[in-house]
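The structure appears below as C-alpha cells.
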Amino acid sequence: MRLASFLSLVLIAAFLFVGILRLHPVGEPLGNPDVFKDRGDAITDIKNVDTMDDYYLRNGQTETGSNNLVASVVFDYRAFDTLGEATVLFIVVSSISMLFFTMIKRKGPETSGVSRIGEFPGGVSRVITFGSFLLYILIITFGIYLVVHGHLSPGGGFQGGAVMASATALLLISSLMTRNVQKTKKIFSFFESLGLTLFIGIGFVGIGVSFLSNFLANGNPLLFGKAIAFGPNPGYLVSAGTLPLLSLAIGMEVFFGLSIILVTMYHAAKDE
Amino acid sequence: MISSVIFILLSIVMLVTAVISLYFRDLLASVVSYSVMSLVLTVMFFHLDAPDVAIAEAGIGAALTVCIFVIAIKLTRRREE
C-alpha cells in the first residue's frame, strides 16, 4: 500500500514536470513570434496557432473584451467548467450545513438582533468589536472591488467571494453578527441560491449560439459591450459582455456559501 | 540574482513550516504553522506573476481554512494522541 502510494506520487510528479517543460518561460508569454507579427485582425485560422494558450493570448482581448485573460478563460471560454465548480461548492455547503445544523441547540428565537458597537456583546471587548468593524468595512470593500473589476485586473468572482467570506469570520468573533442563526442561514442560503440561479440563467439567455455563450461582448456599449484593442490598455468597466455579470453571480455564490459554512460551524461549536 | 535568493529563502521557510505543521502535537500550533505556509506561498505566487492565484491563496488558504480548522479543533480535541 505504501509502495503504491509512493509510486503514484512519483508518477504524478513526473507528469507535472513534463507539463512544465512545455510551458512558456516566465515573462515571455508569446510562444510563436510569427503568430503575433501582424497585430491587425484576429486569427481565425486555427492552424496558424501552435497551442491553445497562443490562441487565447492572441484573440482573448478582442473576442471577449476582457483585459484579464484568466477571467476570459474562466468565465467565457471555459465557463461550463466554472458552472461545475460552483455546483460542487453548492453541494459542499449544503452537506456541511446539514451535518452541523443538527448540532446547534435550538433554544427559541433570541430577542437581540445585531448588537450595537460599544455594548460589550457576549463579553467581547470594545477594542475587538470596533477593530473588527473597521477591518470588516475595508475587507468587504476590497472584495467588492475584486468582483466588479474581475475582467480588468487580477481577481474575479471566486477570489472576491473568498476575501469577503473571511470578513464574516471577523463578524463572528466580535459577536457583531445577528445571534439568530436560523434567520441568518435563511437569508444567506437565499442569496447563495440566487447567485447560482443567476449564473445558469445568464447561460440560458445566450443559448441561441450555445449555453453560456458571451452574447453581449462587442455589442451595445451600454450593455457591457464596449470593444477593446489588442495590446496593453487600461480597458473599460463596461466591456467584456456577460463576463462581469457571471463574475458577480459567482462572487455572490461563493461569499454567501462560505459564510454559511462559517456561521453554522461556529454556532455548532459555541457552548453556552 | 537577489530575487532568486529571496525565492530560495521563501521556499526553505515554506518547507520548514510545512514539516513543522506535520510534527506538532498541539493541533492549534500546527494550524498556525499551516497558515504561515499559506502566507509564504501567497508571496511566492505573486513573485511568479500569478496575482489571481495569490489572492485566492491568501483568502482561502491563509484565512478561511484556518478559521474552519480552529472551529473543528474546538469541536474535537486540541492535542493529538
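All chains are named by letter (A, B, ...) in the order of the sequence lines, taking the proteins before the strands, and each is independently numbered beginning at 1.
- Panel note: side chain B:D52, backbone A:P154; no donor-acceptor pair is recorded below 3.5 Å.
- Within the structure, the side chain to side chain donor-acceptor pair (under 3.5 Å) test picks out the following pairs touching residues 242-264 of chain A (sequence neighbours left out): A:T168-A:S259, A:N214-A:T242.
- For the pair A:M265 and B:I71, the tightest heavy-atom approach, listed with the atom from each and the gap, is O-CG2, 3.3 Å.
- Put simply, CD1 on B:I55 and CG on A:L146 are 5.0 Å apart, with the number rounded to the nearest 0.5 Å.
- Here the closest heavy-atom approach between residue A:A162 and residue B:L64 is recorded as O-CD1, 3.9 Å.
- Both the backbone and the side chain of A:L262 come within contact range of chain B, each with at least one heavy atom under 4.5 Å from a heavy atom of that chain.
- Neither the backbone nor the side chain of A:F158 comes within contact range of chain B, judged by heavy atoms closer than 4.5 Å.
- Looking at A:F100 and B:L75, their side chains come closer than 4.5 Å, going by heavy atoms from C-beta outward.
- In this structure, A:I261 CD1 and B:C67 SG are separated by 12.0 Å, a value rounded to the nearest 0.5 Å.
- Enclosure of atom CZ in B:F45 by more than 12 non-hydrogen atoms of other residues, nucleotides or ligands within 6.0 angstrom is indicated.
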